[in-house]
Structures are given as C-alpha cells and as structure tokens.
Amino acid sequence: MEQNNETRQYDCSRGNIVEHNEQGETVCTYRQGCCKLEVYDWLKGVSQEQYKDFFEVRFKNTRKGIYRNNSGQTIKTGDMVIVEATTGHDLGIVTLEGPAVGHQMKCKRVQPDSPDIRRIYRKAKLFDIEKWQEAIAREHEVMIRSRQIAAELGLEMKIGDVEFQGDGTKAIFYYIADGRVDFRQLIKVFAEEFHIRIEMKQIGARQEAGLIGGLGVCGRELCCSNYISIFQSITTSAARVQDLSLNPQKLAGQCGKLKCCLNYETASYIDAQSRIPKLSQPLEFEDGPAYLMKTDILREIMYFSYEKGSLANLYPLDASEVREIIKMNRNGIKPESLQSEPEPSAPEFVSAVGDDSITRFDETRKRNKRNKRGRNRQGNRQDERQGNRQDERQDRRQGGRNKEEKKD
C-alpha cells in the first residue's frame, strides 16, 4: 500500500487516479466527484431502451460530450474509452449512462438520431492509456514554451492551458486576449516546434479563473471553478438594484470582472423594489415634512426623518403605509405625525446553532465590574481598618512616652 500511495497521482482536471500495479502497468481509475461539472446519476439502475447506447464522456476540465456506443462492448460509468475525434481518436472517461444521459441530451438540445453524435470505438487498452499519459506529461512543458514563443512574436495574448488529444497527435491551446490576434505565424511555429496538429481556442477571464481555481472572499471555492459553465453578462445595475457601494475593488472577483454572485439575488431585489413606492418629494405631516433617509428593500421598510440629511431620529414605515400617505397628500390631507410611530427595534443576532446571542457576555462583564468594585471597596475598608489600628498603636505609644517625661 505504501508503494501505491507513493506512485499514485490525482488528476483532478480529468477526474481520475493514475497508479502502477505490481507488474508495472499503468492503471487509471475514475474518481467520482473530483472534477468540475460532476453530474449525479439520480436514475442509477433504471434502464431505458431509448438511451441504452448513449454515454456522457468527459475529457480535461469542462470539455465533455455525448457519444454513441456502436462497438458492441458493454460499457459502464468509470470506463476509459476510445472515441471518435475530428482527426484521429481521443481518450475519455464515461461519467454518465442510462436515462440521465437522455436528460442531458434534452438540456443540450441533442437529438438521438442526429448524425453529429460521435462514436465510441472501444474500451481503452493498456497501450492506449500509456500513450495518453505520455501525451499528458508534455502539457506543462509545451504550455511554458508556447508562452515564450508568443512573447517572442510580440502577440498580445496569454496561453492559459494546453490539452493533448488521447493519441498525442493534436493539442488544443486555450488562450486569452482582449482583441483579435493574428496567430497564423504562431501556428506555423508551434507545428514546427511540437510536431503536432494545433487548435487555438479563445476563452474569457472568467473561464481562466475557473481553470485555475481558488477561494473567494466568502471563504468558499470559486463558483466558476465549482459549477458554473455558462457565464452570463453582469453589469453594475445589479449592484445598484441591491443598493451596494459601487466600489470596483469590492465588486470585482479574482478574474478582475464583476462577481458572478451579484446576479444571484438580483431578481429578489427587483421583485421587492416593485412594491416600494418612489418618492420625488418629502411626505407632508401636520408637524412638518418627513424626508426619506434609507430603505430596507427586502423587509420593505422605509425610514424617514424630520431633519433633512440627519440619521439621528428615524421613524420606520411600511411601504404600504407610505403608499397610502402619498395618496392622502395628493388629496390635500396631512396625517398627524410620525412621532407616534414605534421606534425600530434592534435586529436580533443568532449563531448557526440558534441559541446564542451576540450580547450573551454583556451581563457577565457587568457582574465582573460590580465584583471588582465590591472587592475594591472591601480592600479599601480593610486598608482603613489597618490604618486606624496603626494610628491607635502610635497614639498609645506616644501617650506612654509623655507620661514618662512628666514623671521625670
């Protein structure tokens, strides 16, 4: 077991474990849940004749596709298979089978009788796996060298990742660039340098962050590296709707773009804001105008103050009450006063357990202060008693001396 652990390698970008057995042969096993875009087979064990020959095959990072098994071999989840490619063949891992594949095909709008569905040739043999591992071992070296070549040619682009095909005859270069790049000369240099077919594929900054991975300010794994595969456009209007500060340093993620999580609660805020009235002027009361100072969007509470620009004395009103007061003002009616409204109560904070308050240590601190005061008072009393005793002793001694002097 110790030897296996020393030679075991975890390839999380492809979701497998590579190790060598006692005969020195390379063995690759599927590690479920290791890679991004993992799909749980919630229909495992259920057979459906329509999708029995369709399988989901995954490659590096987020690249995967639906393939048809025409080999006649029995294939199941976790098998290494040789599949059809544009040129040559590729090697991938079967990650899904059965009716769940049909659900994925419907989501991706792939028809079962489509001629674009590629084939599974056969299960991968030992020779195929060893050749695949040799090609994978070249990826990092080729990526570093390709970056140097791009810099020598003066191209404004960054090569983020390299993926070799299973037969080692082709490589996909994922690059990032702000504008269009003329890489015709670059492809010629790559072909002469690496002796393989070249395919250039442009990705965005969000996809690059998903490839690299990391932790966000929330302390959790980046959403782009965890589960997001389709990136939607995010604008500053999502931050404005949620009443967030338009600070680029706080709104930007590790990719330098706006955070994907800004879109998560935007729909809830838009729905809540549709029930909050818009004010163009203060509310009129008998004791003076009341100005809107802030709004709690989700709770649908609006806070008003009689002093414009002051947050000292705020009076809460529900959005429905504000709407009624606006109607009254339009009809020339002024309500009595806001001062009769109850003061807003402080929000209650509870922990994840739900039984601890954030102020649970305040009483103990007060008690400790009282105990310290009591101890100090007791100490002062003791000091006073000791001082009085010493004074009495000194007086007695002085009185005895005076008597002796009178006798003399």
Colleague: Could you walk me through whether I326 and L279 pass the side chain to side chain contact (heavy atoms under 4.5 Å, CB included) check?
Modeller: CA-CA 9 Å; I326 293 175; L279 292 177; 3.2 Å; yes

Colleague: Would you say the side-chain atoms of R68 pair up with the backbone N or O of P112, donor to acceptor, closer than 3.5 Å?
Modeller: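 Present.
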
Colleague: Would you give the length of the straight line joining atom CG of L283 to atom CG of L292, rounded to the nearest 0.5 angstrom?
Modeller: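 The distance works out to 8.0 Å.
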
Colleague: Shortest non-hydrogen contact from V181 to E156?
Modeller: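 Scanning both residues, the minimum pair turns out to be CG2-O, 3.9 Å.
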
Colleague: Measure across R206 and C260 and return the closest heavy-atom pair with its distance rounded to 0.1 Å.
Modeller: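 Heavy atoms of R206 and C260 come nearest at NH1-SG, 3.6 Å.
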
Colleague: Do M200 and L186 have side-chain heavy atoms sitting under 4.5 Å apart?
Modeller: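 In contact.
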
Colleague: What is the minimum heavy-atom distance between N313 and S305, and which atoms define it?
Modeller: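 Shortest heavy-atom separation between N313 and S305 comes out as O-OG, 3.3 Å.
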
Colleague: Quick one: does R119's side chain get under 4.5 Å of D53's, heavy atoms only?
Modeller: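 The answer is no, as the side chains (C-beta and beyond) never meet within the 4.5 Å cut-off.
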
Colleague: Would you confirm whether K123, through its side chain, and T74, through its main-chain N or O, come within 3.5 Å as a donor-acceptor pair?
Modeller: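 Judged by distance alone, yes, a pair lies under 3.5 Å.
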
Colleague: In terms of heavy-atom contacts, does NE2 of H89 have more than 12 from other residues, nucleotides or ligands at under 6.0 Å?
Modeller: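 Check passes, neighbour count above 12.
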
Colleague: What distance separates L258 CG from L251 CG, expressed to the nearest 0.5 Å?
Modeller: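 Those atoms lie 6.5 Å apart.
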
Colleague: Are T95 and Y30 side-chain neighbours, meaning at least one heavy-atom pair lies under 4.5 Å?
Modeller: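 A side-chain contact under 4.5 Å exists here.
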
Colleague: Between K334 (side chain) and P289 (backbone), is there a donor-acceptor pair under 3.5 Å?
Modeller: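 No, because the side chain of K334 does not come within donor-acceptor range (under 3.5 Å) of the backbone of P289.
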
Colleague: Determine, step by step, whether R138 and E141 satisfy the salt bridge (Lys or Arg N to Asp or Glu O under 4.0 Å) criterion, reporting the C-alpha distance in whole Å, the side-chain angles of both residues, the deciding distance to 0.1 Å, and the verdict.
Modeller: CA-CA 6 Å; R138 296 179 56 192; E141 181 182 354; over 6 Å; no

Colleague: So which atom in D79 and which in K76 form the shortest heavy-atom distance, rounded to 0.1 Å?
Modeller: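 Result for this residue pair: OD2-N, 2.9 Å.
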
Colleague: Please work out whether the ring planes of F173 and F190 are parallel, tilted or perpendicular, with thresholds of 30° and 60°.
Modeller: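 Rings of F173 and F190: parallel, under 30°.
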
Colleague: Is the backbone N or O of L215 less than 3.5 Å from a side-chain atom of Q254, with the two atoms forming a donor-acceptor pair by type?
Modeller: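 Side chain of Q254 to backbone of L215: a pair is present.
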
Colleague: Got a sec: does the CD of E307 have more than 12 other heavy atoms crowding it under 6.0 Å?
Modeller: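 No, because the 6.0 Å sphere around CD of E307 holds 12 heavy atoms or fewer from other groups.
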
Colleague: Among residues at least two apart in sequence or on other chains, which ones pass side-chain contact (heavy atoms from CB on, under 4.5 Å) with E265?
Modeller: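 In terms of side-chain contact (heavy atoms from CB on, under 4.5 Å), with neighbours along the sequence ignored, E265 is linked to Q242, Y269.
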
Colleague: How about Y67 and V94: do any of their side-chain heavy atoms sit closer than 4.5 Å?
Modeller: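 No; the side chains remain at least 4.5 Å from each other.
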
Colleague: List the atom of V142, the atom of V162, and the distance in Å for their closest heavy-atom pair.
Modeller: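 Taking every non-hydrogen atom into account, CG1-CG1, 4.3 Å.
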
Colleague: Evaluate the side chain to side chain contact (heavy atoms under 4.5 Å, CB included) criterion for residues V110 and F54: first the C-alpha distance (whole Å), next the side-chain angles of each, then the deciding distance (0.1 Å), finally the verdict.
Modeller: CA-CA 11 Å; V110 178; F54 294 95; over 6 Å; no

Colleague: For D271, enumerate each residue passing the side-chain hydrogen bond (donor to acceptor under 3.5 Å, both in side chains) test, keeping only those at least two apart in sequence or located in another chain.
Modeller: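 Once residues adjacent in sequence are excluded, the partners of D271 under the side-chain hydrogen bond (donor to acceptor under 3.5 Å, both in side chains) criterion are R275.
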
Colleague: Is the backbone N or O of K125 less than 3.5 Å from a side-chain atom of D128, with the two atoms forming a donor-acceptor pair by type?
Modeller: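 Between the backbone of K125 and the side chain of D128 there is a qualifying donor-acceptor contact (under 3.5 Å).
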
Colleague: For the pair V241 and Q273, evaluate side chain to side chain contact (heavy atoms under 4.5 Å, CB included) and give the outcome as yes or no after the intermediate values.
Modeller: CA-CA 8 Å; V241 167; Q273 281 190 344; 4.1 Å; yes

Colleague: Measure the shortest side-chain to side-chain distance between P277 and M302 over non-hydrogen atoms and say whether it is less than 4.5 angstrom.
Modeller: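 SC-SC contact between P277 and M302 confirmed.
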
Colleague: Mind jotting down which residue pairs meet the ring-ring contact (aromatic ring centres under 6.0 Å, His included) criterion with at least one end in residues 108-161? Sequence neighbours excluded, please.
Modeller: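 Sorted result for residues 108-161: empty, none.
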
Colleague: Check for a donor-acceptor pair, side chain of R147 on one end and backbone N or O of I159 on the other, with a separation under 3.5 Å.
Modeller: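 Answer holds: yes.
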
Colleague: Kindly say whether Q249 contributes a backbone atom to a donor-acceptor pair with the side chain of N247 at under 3.5 angstrom?
Modeller: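 Between the backbone of Q249 and the side chain of N247 there is a qualifying donor-acceptor contact (under 3.5 Å).
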
Colleague: Any chance you could measure Q185, atom CD, to K188, atom NZ, to the nearest 0.5 Å?
Modeller: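 Between Q185 CD and K188 NZ, I get 6.0 Å after rounding to 0.5 Å.
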
Colleague: Working to the nearest 0.5 angstrom, can you tell me the gap between R197 CZ and K170 NZ?
Modeller: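 NZ of K170 is found 8.5 Å from CZ of R197.
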
Colleague: Decide side chain to side chain contact (heavy atoms under 4.5 Å, CB included) for L314 and K294; before the verdict, give the C-alpha distance in whole Å, the side-chain angles of both, and the deciding distance to 0.1 Å.
Modeller: CA-CA 9 Å; L314 298 180; K294 65 177 183 178; 3.9 Å; yes

Colleague: Of R63, K201, K60, which meets side chain to side chain donor-acceptor pair (under 3.5 Å) against E163?
Modeller: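 Exactly one option meets the side chain to side chain donor-acceptor pair (under 3.5 Å) with E163, and it is R63.
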
Colleague: Would you say CD of Q232 has more than 12 non-hydrogen atoms from neighbouring residues, nucleotides or ligands within 6.0 angstrom?
Modeller: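 Open: at most 12 neighbouring heavy atoms sit under 6.0 Å from CD of Q232.
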
Colleague: Given 3.5 Å as the limit, does a donor-acceptor pair link the side chain of Y306 with the main chain of L338, or not?
Modeller: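 Side chain of Y306 to backbone of L338, a donor-acceptor pair under 3.5 Å: yes, one is there.
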
Colleague: Taking C-beta and beyond as the side chain, do T77 and L96 meet within less than 4.5 Å on heavy atoms?
Modeller: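 Not touching, per the 4.5 Å side-chain cut-off.
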
Colleague: Could you tell me whether the side chain of D90 and the main chain of G166 form a donor-acceptor pair under 3.5 Å?
Modeller: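 Such a contact is found between D90 side chain and G166 backbone.
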
Colleague: Do H20 and T26 have side-chain heavy atoms sitting under 4.5 Å apart?
Modeller: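 Contact flag for H20/T26 side chains = yes.
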
Colleague: Going from CG on D178 to CE on M157, what distance comes out if it is rounded to the nearest 0.5 angstrom?
Modeller: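 Those atoms lie 12.0 Å apart.
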
Colleague: Start with the C-alpha gap between D167 and Q165, add the side-chain angles, then the distance that decides, and say whether side-chain hydrogen bond (donor to acceptor under 3.5 Å, both in side chains) holds.
Modeller: CA-CA 6 Å; D167 55 2; Q165 197 169 272; 3.0 Å; yes

Colleague: Which heavy atom in N329 sits nearest to a heavy atom in P335, and how many Å separate them?
Modeller: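 Of all heavy-atom pairs spanning N329 and P335, the closest is ND2-CD, 4.0 Å.
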
Colleague: Say you draw a straight line from CD of Q133 to CD of Q9; how long is it, rounded to the nearest 0.5 Å?
Modeller: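 The distance works out to 7.5 Å.
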
Colleague: Taking C-beta and beyond as the side chain, do K108 and Q104 meet within less than 4.5 Å on heavy atoms?
Modeller: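 The answer is yes, as the side chains (C-beta and beyond) meet within the 4.5 Å cut-off.
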
Colleague: What I want to check is whether the side chains of S114 and R109 have a donor and an acceptor closer together than 3.5 Å.
Modeller: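 Side-chain D/A pair, S114 to R109: absent.
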
Colleague: Check whether E139 reaches the backbone of F164 with its side chain - one donor and one acceptor, N or O, closer than 3.5 Å.
Modeller: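 At least one qualifying donor-acceptor pair exists.
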
